[in-house]
Amino acid sequence: MIRSDLSALLAEGLSAAQAAGDIAKSPSVTFAVERREDDLADYSSSEPMRLARVLGAAPKDIADVIVKHMPHSPSVRTAEVAGPGFINLWLKDEWVFNQLPEIHQAGPTFGHTDIGDGLRVQVEFVSANPTGPLTAGAGRGGVVGDALTRILRAIGYEVTGEYYVNDAGYQVELLGLSVYHHYAAALGHEAPFPTDGYLGDYISRWAAQIADEDNDRWLNDEKPTKPSAFEARAVGIALNEIKRDLEDLNIEINSWFSEKSMRDRGDIESVLDSLEKGGHVTRRDGAVWFVGGDGVNDRENVLVRSRGDPTYFAADIAYHQDKLERRNFDHVIDIWGADHHGHVPRVKAAMAALGVDREASKLEILLTQMVGIRIDGELGRQGKRSGKFVTLRQLLDEVGPAATRYFFLSKAMDSQMVFDLELAKREDPENPIYYIQMAHARCAGIERTAKNIPAPEKSSNKNWLTKDDGELLRLLLAFPEILVDAGMHREPHRLTHYLLSLARTFHSYYNKHRVVTEDESLTLQRLSLIGAVRQTFANGLELLGIDAPERM
RNA sequence: GACCCCGUAGCUCAGUUGGAUAGAGCGUGUGGUUGCGGACCACAAGGUCGGAGGUUCGAGUCCUCUCGGGGUCGCCA
């Protein structure tokens, strides 16, 4: 990666200067180097200004001395001191040009690095209750989690994407009773509808499906025979719809973790036992409460209800212990909806209490903010139990998976967003995803036009690079850095913005320079560049889970 | 009341561990493009970064206060 190479070069410059006695000694320094998108430099570092105090010298003098002692590098054309103490670095065109074959050689793995060092990471996302179809908001978490998973893999982590299925507990009981009410009705019987039952249209749809397929198999007067089996039947239908939605949105789940099977193993009892032994439990009003650790002024939360069944919180503690201890992931990332934010401190406190993650360093919880859906200019309220919400399916049917993913991935996850259905439905250039896909298709189109031209040989002519070729190629070389930043900051939208910027640069280039011309040598060189551009779009879109069409 | 997120161009949003003149898309205006696809390109207008203090060489970015919008505070999940 260019950025880290330059950083090392500057560090060498500093130590050489220190060895020569030109500047005071210091502990080793990591030079922050940033890529510039203006015309001040290709890359720059402001480290000298930060070093001023430590080294007891003026920033400008520090920068001067570093530049003076910096070893020669084949990639650097010039290094100069600017402003109050910046070091500006320019890449050598010849070196930039020589990176092109490397991009082609890496092919589908161009941009990938191994800085993750094979660390085992779990990303848990969506995990919506199987008590109804996925909401549009769940789509946001799903898309962000899926893209993050892909990006982390590309930078060298071994990642498992998991969906935690809440297929047990009170909400599932409610689902079963709600569906049963309609099921019985469909067969001409009566069963009570539960208080706080689910009101969505899909409930009667599922009931009709069960009545149709199973006839009177579950029928009894007021309650289903084998109620837990009936619940499982309803949950099964829900999960099928969820899986189909995720599949159509190009989201891959490696592992479906069943809460029910965890409960059946007795994990909750054993975790409660551990908490009790650690003195983190108190009893009051017939219920069992969790007491936060070490004088933390945290509210107490119920683990076991007075009627005897464990809460979602208790199950979640067992689940996270399973991830962090039994399955021993090096790092766990949970992606939750913002409405769960109050739950974050409790779970972390419980993990600390269990001694599973005392430093609170292994469990990382990210929150995706609310998604408002605007239909016909109206911003409606969303609620699964009321049955009033926009489903992910509606989004997919009306907008399509590419635009849906792009829209969710173009904004930072911690900012609230409004999904304007009418706007997103329009298939005009307003939607930047077409602009990006078009760039890829154009590259492919050029390659089709040139397909009877022999493959580029090793070039002897290195003066072909215009400023525009160099700009385009420099942008390609930034791709690996973008992936590292997007992964390490957990911000997939950085990749989205990069691709948009690359598309802009490419379209501009395309409009200005013809690739396939009479000049065979030049044509071959530019074909190689265009091939690298196409590869970068393909790789980037793949990580976003968006298809890269050859034609549009 | 407590806590979380947001507030940047007309609209939707970026802004890289705090760095040099605040960016993009859409919209608006003007112009270009007989070519590898016109789903394109170039140029322009448009900003007290909600407000006030503070931290320091330097703040859209960090801290405090404050205003506005959204969210969460259950023996629901």
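The shown structure was predicted, so the numbers you read here are calculated from the model rather than taken from an experiment. Chain letters run A, B, ... following the sequence lines, proteins first and then strands; every chain starts at 1.
Distance noted for atom P between G47(B) and U66(B): 31 Å (whole Å). Nucleotides G37(B) and A20(B) are separated by 41 Å at their P atoms, to the nearest Å. Comparing G46(B) with A24(B), their P atoms sit 14 Å apart, to the nearest whole Å.
Annotation: side chain of S178(A) is in contact with side chain of P194(A) (closest heavy-atom distance under 4.5 Å).
Taking 3.5 Å as the limit, the base of A20(B) and the side chain of N88(A) contain a donor-acceptor pair of atoms between them. Side-chain N/O atoms of H340(A) and base N/O atoms of A77(B) include a donor-acceptor pair closer than 3.5 Å. Scanning atom types as modelled, one donor and one acceptor separated by under 3.5 angstrom connect the side chain of R50(A) and the base of G19(B).
A salt bridge does not link E471(A) with K467(A): every distance from a Lys NZ or Arg NE/NH1/NH2 to an Asp or Glu carboxylate oxygen is 4.0 Å or more. Salt-bridge check for R307(A) with D309(A): passed, with a basic side-chain N closer than 4.0 Å to an acidic carboxylate O.
When both distances must be under 3.5 Å, the Watson-Crick or G-U wobble mate of A42(B) is U30(B). Here U64(B) sits opposite A52(B) as a Watson-Crick or G-U wobble pair (both hydrogen-bonding atom distances under 3.5 Å). When both pairing distances are held under 3.5 Å, G37(B) makes no Watson-Crick or G-U pair with any nucleotide shown. Partner assigned to C57(B) is G19(B), using Watson-Crick or G-U wobble distances below 3.5 angstrom. Shown here, A24(B) forms a base pair with U12(B); the pair counts as Watson-Crick or G-U wobble because both key distances fall under 3.5 Å. Nucleotide G1(B) forms a Watson-Crick or G-U wobble pair with C73(B), both donor-acceptor distances falling under 3.5 Å.
Residues Y163(A) and F125(A) keep their aromatic ring centres 6.0 Å or farther apart.
Here G74(B) presents its C1' atom at 13 Å from OH of Y312(A), a figure rounded to the nearest Å.
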